[in-house]
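For reference, the structure discussed in these notes is given below.
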Amino acid sequence: MTPTTTTGTTTGTPAGTPATGPAAAATTVWTPVCATDRLGRERGVAALVGGRAVAVFRTYDDEWFALDNHCPFARASVLARGIVGTRGDVPFVASPMLKQPFGLRDGVCLDDPDVRVATYPVRVVDGVVEVGTVAGPPPETQGVAAP
Amino acid sequence: MSPTTEGRRPRIVVVGHGMVGHRFVAAAIERGLTETHDVVVYGAEPRAAYDRVALTSFFEVGAEALSFLPGAAYDDPRVALHLGTEVVGLDRATRTLALSDGGTTTYDELVLATGAAPFVPPVPGKDLDGCFVYRTIEDLEAIRDAVAPRPDGARRRGIVIGGGLLGLEAANALHQLGAETHVVEMAPRLMPVQLDEVGGATLVRHVEKLGLTVHCGVASTEVLDDGTGRVAGLGLRDAEPIAADVVVFSAGIRPRDALARAAELEVAPRGGVLVDEQLRSVTDPHVWAIGECAAPAGVMYGLVAPGYAMAEIVVDTLLGGTAGAFTGADMSTKLKLLGVDVASFGDAFATTPDALELVFADAVAGLYKKLVVGPAGPAEDGTPREDAYVLLGGVLVGDASAYGLLRPMVASGMLLPDNPEELILPESRGALQLGLPDEAVVCSCNNVSKRDLLDAVDVDGEHACADLATVKTCTSAGTTCGSCVPTVKGIIEDYFASVGKEVDRSLCEHFALTRQELFDVVAVHGYRTFTEVVEAHGTGRGCDICKPTVASVLASQFNGHVLEGETGALQDTNDAYLANIQRNGTYSVVPRIPGGEITPEKLIVIGEVARDFGLYTKITGGQRIDLFGARMEELPAIWTRLVDAGFESGHAYGKSLRTVKSCVGSTWCRYGVQDSVQLAIDLELRYRGLRSPHKLKGGVSGCARECAEARGKDFGVIATEKGWNLYVGGNGGATPRHAELLVGDVDTPTLLRYLDRFLMYYIRTADRLQRTAAWVESLDGGLERVREVVVDDALGLGSELEAAMERHVETYADEWRATLEDPEKLSRFVSFVNAPGTPDPAITFTTERGQIRPVLAGDPAPAAVDLGATIPVGAPR
């Protein structure tokens, strides 16, 4: 149940390879956040990564994902506390505030594709969960609900 | 009517405050008649109008529950109600009334609603001690005293003279009071007006099975005297006398028209004030008569529905309307007598020429169903129709479930199918497949046609109703007597099926089951985890709908800690952190304060905790204190202080019992009749932590003043002189509902038993997030069904439900104390898993009125408020 090698899944980015997009060329910084057994299946936990609040999730089949912890609908830092489930084959977290579902793979709101929260790569190294960030400006959250 | 006197509001005097008199006043208020008129009501009885139709339930539910006007006053200053005051004289020339208290009063318009009096046949001995009539609560109380068991415990014997509708009601009352009961009917069968011979005989078998003795075709000759002026029995023609302690006359009613006769208003040959179609006396245009004292076209109507219709027509006419006219009433009847369904409608005796009868009878099961059919007239284009029949009427005894379908068919004139007997065969869905015509009136109480129902559910409509409950709310169908609810349900389900819309009751995409089915699945298989349930009965890995539902079902059945193992991942954030999340991601904390009673020491602890953690405090509606603004990682420290001071979780975060609110009760209040605080504490401690489909609230009031607002709760208890009245199914919120009386005047152990059963029955069968009010509404039979299951134990589930509650009470543990004692559970209360000492920088506060308030990212800065300096005071002089 607890992977001990670096075969853990990332958000579409194989462990250790650079993230895609404009920042792909920059160096990914991996921040260890906790031991794998610190987080039960289908749960989330908040971590401080590069000064940002990041929600780290573990699915039932031991995939790991990380989203920005900030819910753009609620304008509060709460996504790690949502219920983790599936819609079809898509793993998602429901915001604990008003229940909007966000896909764990891409951060897109399943009910409103114009809204997306930032995602981060995750890897597991020797039983330790690490979240990747790149130097430069933080990844953007899109479609933030107006106050 | 326009005002009749300059400078003065015209005055309507209503004589009689029974069901119809009350309806008149209620309609006058509702439709604005009291905006231009004063209304004065005189009632001869000492109490305000009550539900005489349900008189037999008096012993079960008490006088208060039967009352239409519990405070005996209308909420309209233009209406004056004088009870215990009889109008004894009428001078039409001066429009003056003489009152039994010696006073007089005048009227501009006089509405007679004096009702009817029981008819006592002129037999010798009819005035002996022990003779009664059956009409008022006072009659019923006198009968109760007279049939109290003898000193040696032996049962009293009672005889009811009259085997009609009212006679059987009276017999039911005697039987309920424990008397050995006989029914004597002169006609050859029971309910001779409504039932034919076989129907009557079927009813006799039902009634005798209950232990009553029925004597039909027997005439009473005299009431026998025991030599001291008391009843000894009843003498019969050509039969042995029957010994008895009590004789109740219930052989029909006569209009109370003495006042009208004395004032020389014309009355019908068989009694009742003769009135036109607007219910106006044919003698005097300023006198009106409604209800049983009226005789429109010479006919007196002894049912309440026509009386209500008359009341509405008079209000309409006095408002200047011209549309209202009373032209007769549907005398169809459906009722439950002594637990037996009986219905009679249309031409029940096949008096129409060429009428034929179709009969289904099952003597063993006690069923008798008869349809009266007749040849259909020519088609619309004039062509004669062969072998085509329409329904004319019918009789149903033992099972009247088809009544809701059949009665509208009579009026609609729809052609019967080739095999009309299927309409009355058991287990038949009857005319649903046949398709009632659109204009058929399905709900006769509220005049709702099938077309109205279809309009309500039309899928293309903008505000289409999606289920039975919304259809009922939006059309009023089935909200009065409820007999048409199965038909309404069938019609809308057929409609949804016909347009290919499935009535989907699945919980979510992961479970094609309802919450109730999930509950049963868990109970039968004994699952303890979501994984077991979803792998065996669902798909995928669940969502924010089914996971908390399964968690609640597991908690209701096994009462384990909500954060134990995998269960913790199923909970909504409130349950997951045992606190209520607020808009900025902080939580509020509500310690339990049972019944709202708290010592100064505990109050001080709450204040100290709030001060030390910088929390915003507010008093809740449930008589406790809410502490806002706690960061998630602070919750354990806050609760450590609270638990040490003797507090426990208030479950404000859970779909579970919240509070049982109480008034101060008989300990302090000069009006209180019972100790409401003690009962509220006992109830709150009994049901604390009980997980349920939705939140549950309770209330206990120490007297009828109802200061605890208990009827606005899921369960409300109101003290009476004799014990407690239990109300169920109330709530506040967006759709406020008053709880309705389930049972009256019970002692505390009985109250607990019924409440245990009620709550467990709700937990087992309600839908997710369905409050008790909506749940009661959704049951076939509504509150009556709840009463059958909870009070009468019709399903035999009583002891099982009680045992389930007993298990809950025994296994209850404070979940905050248990959390503080378990490092594993505590480990989740951290701001950041890799920086537990760093508070979330996104959470910030400002202050307002001396306390904190949350600031969200993007919130505008609060505007400066500086009242005093900017108030204009005018130019200096």
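Residue numbering restarts at 1 for every chain, and letters A, B, ... go by the order of the sequence lines. What you see below is based on every heavy atom in this structure, not just the backbone, and it leaves out hydrogens, waters and symmetry mates.
Across B:Phe832 and A:Ala53, no two heavy atoms sit closer than the pair CE2-CB, 3.6 Å. For the pair B:Ala569 and A:Arg41, the tightest heavy-atom approach, listed with the atom from each and the gap, is CB-O, 4.1 Å. Between B:Arg583 and A:Ala76 the shortest heavy-atom distance is O-CB, 3.6 Å. Here the closest non-hydrogen pair linking B:Gly542 and A:Phe92 is O-CE2, 4.4 Å. In terms of heavy atoms, B:Arg541 sits closest to A:Glu42 at NH2-OE1, 2.7 Å.
For the pairing with A:Ile83, the side chain to side chain contact (heavy atoms under 4.5 Å, CB included) check across B:Thr573, B:Ile545, B:Asp544 returns one residue only, B:Asp544.
A:Arg81 places a side-chain N or O within 3.5 Å of a backbone atom of B:Gly585 that can act as its donor or acceptor partner.
For B:Ala576, no part lies near chain A; criterion is any non-hydrogen pair under 4.5 Å. Only the side chain of B:Thr531 has a heavy atom closer than 4.5 Å to any heavy atom of chain A. The contact between A:Pro32 and chain B is made entirely by backbone atoms, counting heavy-atom distances below 4.5 Å. A:Ala74 touches chain B through its backbone: at least one of N, CA, C or O sits under 4.5 Å from a heavy atom, while the side chain does not. Residue contact with chain B, scored on non-hydrogen atoms closer than 4.5 Å, involves the backbone and the side chain of A:Val33 alike. With a 4.5 Å cut-off on non-hydrogen atoms, B:Glu824 does not touch chain A at all. A:Arg38 touches chain B through its side chain: at least one heavy atom from C-beta onward sits under 4.5 Å away, while N, CA, C and O do not. When heavy atoms are compared at a cutoff of 4.5 Å, B:Leu570 approaches chain A solely by way of its backbone atoms N, CA, C and O.
In terms of non-hydrogen atom pairs under 4.5 Å with chain A, the most contact-rich of B:Pro836, B:Gly568, B:Cys508, B:Pro841 is B:Gly568. Here B:Ile581 is the residue among B:Asn584, B:Thr539, B:Asn574, B:Ile581 with the most heavy-atom pairs under 4.5 Å with chain A. Per-residue counts of heavy-atom pairs under 4.5 Å with chain B were compared for A:Gly82, A:Ala94, A:Ser77; the largest is that of A:Ser77.
Classification of A:Lys99 and B:Asp572 as a salt-bridged pair holds, one side-chain N sitting under 4.0 Å from a carboxylate O.
For A:Asp89, the CG atom sits in a loose shell: 12 or fewer heavy atoms of surrounding residues, nucleotides or ligands are nearer than 6.0 Å.
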Stepwise side-chain contact (heavy atoms from CB on, under 4.5 Å) check, B:Val833 with A:Leu39 | CA-CA 9 Å; B:Val833 66; A:Leu39 188 59; over 6 Å; no
